[in-house]
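Letters A, B, ... are given to chains in the order of the sequence lines, protein chains preceding strands, and every chain is numbered from 1.
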There are 2 protein chains.
Amino acid sequence: MSKARPTPRPTGTTRIQREKRQAIFDAALDVFSENGLRGATLDAIAARAGLSKPNVIYYFEGKEAIYKELLESLLDIWIAPLIDLSDSHEPIEELLAYVRRKLDMSRDMPRESRLFATEMIQAAPHIRDVLSGPLKALMDEKAALIQSWMDAGLLAKSDPYHLIFSIWATTQHYADFDVQVRAVLGGQDPFDSAPEFVEILFRRMLTP
Amino acid sequence: MSKARPTPRPTGTTRIQREKRQAIFDAALDVFSENGLRGATLDAIAARAGLSKPNVIYYFEGKEAIYKELLESLLDIWIAPLIDLSDSHEPIEELLAYVRRKLDMSRDMPRESRLFATEMIQAAPHIRDVLSGPLKALMDEKAALIQSWMDAGLLAKSDPYHLIFSIWATTQHYADFDVQVRAVLGGQDPFDSAPEFVEILFRRMLTP
DNA sequence: GCATCACTTGACCAATTGGTCAAGAAATTT
DNA sequence: AAATTTCTTGACCAATTGGTCAAGTGATGC
C-alpha cells in the first residue's frame, strides 16, 4: 500500500477549510474573469484572497485545478434557469421569465458571465465535453419543448435553438460588454432600461 | 541634436517591411484572440509568424505595442458597417442589411470579433477613450437616425441604443461563442441557419 | 569590389511565474 | 498540558517571459 501524497489535499469539510477554499474561489473568480486562465497568476489570486501563495497551493492542486473546480462549481448555477424552463399554458410568459432571470444574472453575477465568456472564446478546452454532452442534451430537450409550443400555435414559429442563443447573447451582452455599453450610454445605468427593451424584443419575437 | 534611437523602428514603407509587419499582425491576431494580451507570449507570436523573437522586436516596440497597433488598425474595419448605416426610405431593409453584414463579419472574421470581445471583457483598457469618445458620438448619431425613423412611424418604437446592442450581441455571439453554438447544434453549421433566424428576429422587432 | 544600410539571430539577462519544502504556528484531541 | 494534526509561510528553484545586444547576413548603391 502506497500513499500517493503525504498530506492529502483538504476536501473542505471543516469550517476553516470551507472558508479558505471559498476565499480562494472568490479571488480566483475575480482574477480569472479579468484575465482568463493563461493571463491569471497564482500571486494575484493569493494576494486578492489575502493568503500566501504556498497556502493557496495547500488547498488546491494548482492554478489549473482552481480554474477547473471553479468552472465546474459554477456550471450548475449557470444553467439552472434553463433547467427550470418547463411546460406552461402561457409559454410566452414562461420564456419572458427566463429572459428576465438571465438578465438579472448578468446584473448580479457579471464575473461569472465573463468567466464563461472567456472560456468559450478560448474554445472552451475545459468544458467541451459538458457542452457537447449534458448541455446539448438539455438544449435538445428544451428546444423540443419550445417547438411543441410553436406547433400548438402558442408561439410564433422560429428556430428554437437560435432563439435560445439570441436570449443568451442579448442578456449576457450586458455583463460581458458592460464597459462598452456604459461608455456608449454615458452615465445612464444600462440595467435601468435593458429589462424593458429585452421584454419588448422577445415579446414581439414570440407573439404569434 | 540627439538621436533618440540608433535604429529607428521601420514604419512599413518598403515591401519587406510591409510583409513582415503584416505577418506579425496576422500571427498576433491569432495569439491575442485566443489568449488575450496577458495570456499571449512574444514567443508564440514569433513562432506563428515564422520569425525569431528579436526579429519581431525589430519591427515593433514590444508586445503591448503590437496589441495596441493591431486593435487600432482593426477598429475602423469593425465599425465600418455602423458608419455606413444611413438614411433610407426603407429603414427596415437598411437595418436588416446592417444585421446581415454584421453576421457575415462574424462568419468571416471570427478572430477579430474575439479580439475585441476579450478586450471588452477585460474592461477595454486600451480603447476606453475610443468607446466613450468617437464610438459614443457615432452611436448618438445613429441612434438619432433610428429614433427619427421610429418617430416617422416607419419602425416599431423601442430604444435605439439597446436595439443596436442587441444586433451586436446576437451577431457576434456566433463568432465569440462559436464552440458552444457548434457543440449544441451537433454537426450542423450555425451559419446555414443563423441568417434566416436573425432576419426573422429583427424583422419582427422592427416592423411597426 | 567595397561601403553602407537594412535585416536577422544566437546568446544572454532580469523579472515573473508555478510550484516545492522544511520548519514553525495554531488548532484540536487526548 | 502534551501530543497530534492542521494550517501557514519564508526561502528557494526551475521554467518561462519580455526584451537586449553584439555580431552577423544580405541587399543596394557607388
I want to know whether B:F60 and B:Y67 have ring centres closer than 6.0 Å. no
Could you tell me the separation between the CG atom of B:N55 and the P atom of C:dT9, rounded to a whole number of Å? 5 Å
Report the distance from atom CD of B:E64 to atom P of D:dT17, rounded to the nearest whole Å. 17 Å
B:Y98 ring center within less than 6.0 Å of B:F202 ring center: no
Please report the shortest heavy-atom distance between A:T171 and A:V99, naming the atom on each side. CG2-O, 3.8 Å
Tell me whether the side-chain N/O atoms of B:Q17 come closer than 4.0 Å to OP1 or OP2 in C:dA6. no
Could you label the plane-to-plane angle of the A:H162 and A:F165 rings as parallel, tilted or perpendicular, counting under 30° as parallel and over 60° as perpendicular? perpendicular
Is A:K20 close enough to D:dT6 that one of its side-chain N or O atoms is under 4.0 Å from OP1 or OP2 there? no
Does A:K68 have more than 12 heavy atoms from other residues, nucleotides or ligands lying within 6.0 Å of its NZ? no
Would you classify B:F60 as touching base, sugar-phosphate or nothing, given that sugar-phosphate means primed atoms plus P, OP1 and OP2, and contacts are heavy atoms under 4.0 Å? nothing
For a quick test of reading the model, state the closest non-hydrogen atom pair linking A:I83 to A:K142 and the distance between them. O-NZ, 3.1 Å
Taking DNA chain C as the partner, which of residues 27-43 of chain B come within under 4.0 angstrom of it by heavy atom? B:R38
Rounded to whole angstroms, how far apart are OH on B:Y58 and C1' on D:dG18? 20 Å
Of the non-hydrogen atoms in B:K157 and B:M150, which two are nearest, and what is the gap between them? NZ-O, 3.0 Å
When the distance from NZ of B:K53 to P of C:dC13 is rounded to whole Å, what number comes out? 14 Å
Taken to the nearest whole Å, CZ/A:R21 to C1'/D:dC7 is 15 Å
Nearest-Å distance, OH (B:Y59) to P (D:dG19)? 18 Å
Rounded to the nearest Å, what distance is computed from the OH atom of residue A:Y67 to the P atom of nucleotide C:dG18? 15 Å
To the nearest Å, give me how far apart NZ (B:K63) and P (C:dA15) are. 18 Å
